[in-house]
Amino acid sequence: MRKGTFWTPVIPLLLSLCLAGCTGTAQENQLALDLRTAFLSMEGCSGAMEVEADYGQRVYQYTVAFSGTQAEGLTLVITAPQEVAGITAHVAEGQTWLTFDGVRLETGPLNQEGLSPLDALPAFLTAMQSGCIAESGSEWLGEREALRLCCRDPAEEPGQGLETVLWFDKEEKTLLQGELRSAGSTVVRCVFSSFILTETTTEKG
């Protein structure tokens with residue numbers, strides 16, 4: 001199981017991104033910067049997604065609803081398939097666990113680093129807040145023009161180590177799809193039917 005919080009502290013320095021050597025255009029890089037700003041200022045998020053986890057010999061598919069705040073952590077509820085519907089995952093303070101009828105369970109690892117399907121959404125959030133954005137570009141997902149961002153360790157070459165790849169609707173600036181890739185192979189893919197950021201509000205005295 002990978003450790004780490006799914007929200008990182010809001011540090012202004014992170015707004016600079018890690019775009020050195022990034023092949024994106026000035027417009028694509030600016031949109032990436034705008035998205036990072038939004039994720040750094042988020043209070044929470046909610047939505048739904050289709051998750052596909054590839055264990056090599058077998059592929060598992062789930063429909064998941066999720067919601068969370070920086071203070072309380074992230075909750076994910078499996079809504080399909082029916083035989084596992086209702087299983088709930090909690091991510092808080094760097095720990096991940098499942099509950100079903102009061103029993104805590106762990107999910108199996110997808111790679112040697114202990115990556116599990118439950119790590120995907122927290123990894124997406126962390127990548128947008130503090131990950132090194134090595135690539136940016138434009139692609140079409142169906143009829144929607146998307147900004148594609150690839151985050152990875154700057155010491156790694158493309159296709160090495162763990163990469164987080166995200167697609168955002170260019171016009172609406174919403175998260176459409178995300179993938180976790182290990183050594184060049186996609187191990188988790190999430191397609192979002194909805195993704196809503198809740199912005200931090202400042203109360204006036």
Side-chain angles (χ1 to χ4, degrees), residues 2 4-52 66 68-70 74 91 115 119-201:
R2 298 194 317 150
T5 58
F6 74 98
W7 264 292
T8 56
V10 178
I11 302 174
L13 180 62
L14 295 179
L15 294 176
S16 65
L17 287 162
C18 182
L19 289 172
C22 190
T23 57
T25 66
Q27 184 179 17
E28 290 164 346
N29 290 345
Q30 182 59 51
L31 179 54
L33 179 60
D34 293 342
L35 288 167
R36 170 153 288 180
T37 301
F39 274 79
L40 279 170
S41 63
M42 66 185 286
E43 175 63 24
C45 65
S46 61
M49 60 185 178
E50 300 292 328
V51 180
E52 181 178 280
F66 60 88
T69 66
Q70 185 169 352
L74 186 66
V91 183
L115 178 72
D119 292 315
L121 183 55
F124 298 159
L125 299 176
T126 299
M128 282 308 301
Q129 292 179 322
S130 61
C132 177
I133 300 179
E135 301 174 15
S136 65
S138 299
E139 292 183 6
W140 287 90
L141 288 182
E143 298 181 351
R144 306 175 79 170
E145 187 176 11
L147 175 72
R148 177 187 181 275
L149 303 177
C150 179
C151 299
R152 62 172 172 268
D153 188 324
E156 300 281 3
E157 295 294 328
Q160 295 182 351
L162 182 65
E163 296 177 307
T164 304
V165 187
L166 302 168
W167 289 262
F168 292 86
D169 185 290
K170 275 192 169 184
E171 183 175 350
E172 298 179 1
K173 297 183 181 180
T174 55
L175 183 58
L176 300 175
Q177 183 173 307
E179 294 181 1
L180 293 183
R181 298 177 180 178
S182 180
S185 298
T186 299
V187 291
V188 183
R189 175 182 291 112
C190 300
V191 179
F192 294 85
S193 56
S194 65
F195 185 90
I196 301 171
L197 287 184
T198 303
E199 296 182 1
T200 302
T201 58

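Heavy atoms only: backbone and side chains are in, while hydrogens, waters and symmetry mates are out.
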**Study point:** Contact summary for A48 and F66, nearest pair of heavy atoms
**Key:** N-CE2, 3.4 Å
Exercise for review: Any chance you could measure M49, atom CE, to L176, atom CG, to the nearest 0.5 Å?
Suggested key: 14.5 Å
Point to revise | Derivation and outcome, side-chain contact (heavy atoms from CB on, under 4.5 Å), residues R189 and Q177 | key: CA-CA 7 Å; R189 175 182 291 112; Q177 183 173 307; 4.0 Å; yes
Study note, to complete from the structure: Interatomic distance, CG@L35 vs OG1@T174, rounded to 0.5 Å, equals 9.5 Å
Review point. Is a side-chain donor or acceptor of R144 paired with a backbone partner of K170 at a separation under 3.5 angstrom?
Key: no
Exercise for review: Compare all side-chain heavy atoms of M128 with those of L175 and state whether any distance is below 4.5 angstrom.
Suggested key: no
Study note, to complete from the structure: To the nearest 0.5 Å, atom OG1 of T186 lies from atom CD of E163 at 9.0 Å
**Study point:** Electrostatic pair E135:R152 at N-O distance under 4.0 angstrom
**Key:** yes
Check your understanding: Should the pair F195 and F39 be assigned to parallel (<30°), tilted (30 to 60°) or perpendicular (>60°) ring geometry?
Key -> parallel
Practice item. Begin from the C-alpha positions of C190 and L180 and carry the test side-chain contact (heavy atoms from CB on, under 4.5 Å) through to its verdict. Key: CA-CA 9 Å; C190 300; L180 293 183; over 6 Å; no
**Study point:** Shortest non-hydrogen separation from F192 to G178 and the atoms involved
**Key:** CE1-N, 4.2 Å
Check your understanding: What are the two closest heavy atoms between A32 and L147, and how far apart are they?
Key -> N-CD2, 3.9 Å
Point to revise | Backbone N/O of F124 and side chain of T164: donor-acceptor pair under 3.5 Å | key: no
Practice item. Measure the CG-OG distance between L31 and S138 for me, rounded to the nearest 0.5 Å. Key: 8.5 Å
Check your understanding: Nearest 0.5 Å, what's the CD1-CD distance between I133 and E28?
Key -> 12.0 Å
**Study point:** Spatial distance of atom CD (Q27) from atom OG (S136) [nearest 0.5 Å]
**Key:** 11.0 Å
